[in-house]
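These notes are about the structure you will find just below.
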2 protein chains.
Amino acid sequence: MFTIGKASEQSGVNIETIRYYEREGVVPKPGRSAGGRRLYSPNEIAKLRFVRRCRDLGFPISIIQTFLSLTEQEDRSCTEVKTLAESHLDEINAKIENLTLLREALRSLSANCDDGTAACPMHDALMKDGFGELISE
Amino acid sequence: MFTIGKASEQSGVNIETIRYYEREGVVPKPGRSAGGRRLYSPNEIAKLRFVRRCRDLGFPISIIQTFLSLTEQEDRSCTEVKTLAESHLDEINAKIENLTLLREALRSLSANCDDGTAACPMHDALMKDGFGELISE
DNA sequence: TCTACTTCCTGTAGCGGCTACAGGAGCAAG
DNA sequence: CTTGCTCCTGTAGCCGCTACAGGAAGTAGA
């Protein structure tokens, strides 16, 4: 059994964040020592690590909770997890696409600044009425 | 002069968001009608549009405020704007890179689910201790 | 002129996902 | 026994909005 500090080290989840996850019911409440300190089993630490990795992958907490509850009921949850992952993949693709558009827009605005004619062509372009709407979303 | 509803239409900024920008000092307080309603000049509406477009480009409010204050003092602020824009461009590139890594990680995890051997290979991979740390940040 | 409807006002609280305190208690080493 | 670390609870703040509630002002038609 490990205290919250060790659990944090091993899972890579910040101590405050671990307590936050507990408050929000993302992970179950751990046992306590005689002195009232949280004690984590290796299994619970694995769960925290799982949450962190899912967060790193960009999953929102709500979906991670679904993942964890699907995992509780051991029967054939793989396809459901896969479906969720793939719809998330679509979102990521959309984000990448938008960011790429945005990058091009910024690049061309910034490039205009090089000719040194106007006070600030970038600013002017963003102020003007006729400037096209960049982001689709 | 236009009421907040018209200003919202013309700038593309939500009414509530306009008031929020005013509270936060992003844009100056507009004049008021006899009855106490906000009245916007075309110039103020252009400013709102400017803020929205910068937000669309992913700039945080704090940077947009810098943009606007650089604009107030008309003297050669172009290079500063350009510098800010380019460091923002770097951030966008980093985001795209991370998302791309993330997409590959998700794809390969999801692909593993297809062979239908384990209960859920994706879940197992995320739980395991040895799984590499994906995201650099 | 009265009424119905729309727009606007202020103020406050909520969202997600943390992070940062304050003020105190437990615990191990020297 | 004291020092210093970790831990506890509870609360407030971060960003950039968004969504109310409860009321006042303005507009259009009968």
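Chain letters run A, B, ... following the sequence lines, proteins first and then strands; every chain starts at 1. Scope of the values below: all heavy atoms of this structure, side chains included, with no hydrogens, waters or symmetry mates.
A donor-acceptor pair under 3.5 Å is absent between the side-chain atoms of Arg103(A) and the main chain of Arg107(A), judged by distance alone. When atom types are taken as modelled, the side chain of Arg52(A) and the backbone of Ser11(A) share a donor-acceptor pair closer than 3.5 angstrom. Using a distance-only test at 3.5 Å, with no hydrogens or angles considered, no donor-acceptor pair links the side chain of Arg37(A) to the main chain of Arg32(A). Under the 3.5 Å distance criterion, the side-chain polar atoms of Ser8(B) are matched with a main-chain donor or acceptor of Val13(B). Remark: the backbone N or O of Phe59(A) is paired with a side-chain donor or acceptor of Arg55(A) at under 3.5 angstrom. Thr100(A) places a side-chain N or O within 3.5 Å of a backbone atom of Ile96(A) that can act as its donor or acceptor partner.
The pair Lys95(A)-Glu91(A) fails the salt-bridge criterion, with no side-chain N (NZ, NE, NH1 or NH2) lying under 4.0 Å from an Asp/Glu carboxylate O. The pair Glu22(A)-Arg19(A) does not meet the salt-bridge criterion, since no charged nitrogen lies less than 4.0 angstrom from a carboxylate oxygen. In this structure, Glu44(A) does not pair ionically with Lys47(A), as no charged nitrogen and carboxylate oxygen lie closer than 4.0 Å.
Across Tyr21(A) and Ile61(A), no two heavy atoms sit closer than the pair CE2-CD1, 3.7 Å. Here the closest non-hydrogen pair linking Ile45(A) and Phe2(A) is CD1-CD1, 3.6 Å.
When side chains are defined from C-beta on, Val51(B) counts as touching Leu68(B), because their heavy atoms get closer than 4.5 Å.
Going from atom CG of Leu39(A) over to atom P of dC27(C) covers 10 Å, rounded to whole Å. Per the geometry, CD1 belonging to Ile18(A) stands 12 Å off P belonging to dT19(C), to the nearest Å. Distance CD (Glu22(B)) to C1' (dC8(C)): 13 Å, rounded to an integer number of Å. One can place CZ of Phe2(A) at 13 Å from P of dC7(D), the figure rounded to the nearest angstrom. Atom OH of Tyr40(B) is separated from atom P of dC8(C) by 10 Å (rounded to the nearest Å).
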For nucleotides 2-7 of chain C, tabulate all protein N/O to nucleotide N/O atom pairs closer than 3.5 Å, reporting atom names and distance.
{"residue": "dT7(C)", "atom": "O2", "partner": "Arg37(B)", "partner atom": "NH2", "Å": "2.8"}

Show me the protein contacts with nucleotides 1-3 of chain D, counting only N or O atoms at under 3.5 Å.
none

Just the atom pairs and distances: protein N or O near nucleotides 28-30 of chain C's N or O, under 3.5 Å.
none

Which protein N or O atoms sit under 3.5 Å from an N or O of nucleotides 13-16 of chain D?
{"residue": "dG16(D)", "atom": "OP1", "partner": "Ile61(B)", "partner atom": "N", "Å": "3.4"}
{"residue": "dG16(D)", "atom": "O3'", "partner": "Arg55(B)", "partner atom": "NH2", "Å": "3.4"}

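Within a 6.0 Å sphere centred on CD of Glu104(B), other residues, nucleotides and ligands contribute more than 12 heavy atoms.
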Next item on the list: Sugar-phosphate atoms are those with a prime plus P, OP1 and OP2; base atoms are the rest. Using that split, label each nucleotide of nucleotides 10-15 of chain C B, S or - for protein heavy atoms under 4.0 Å, 5' to 3'.
Entry: B-----
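One distance of note links CD1 of Ile64(B) with CG of Leu84(B); it measures 11.5 Å at 0.5 Å rounding.
The ring-ring contact (aromatic ring centres under 6.0 Å, His included) search around Phe50(A) returns His123(B), not counting sequence neighbours.
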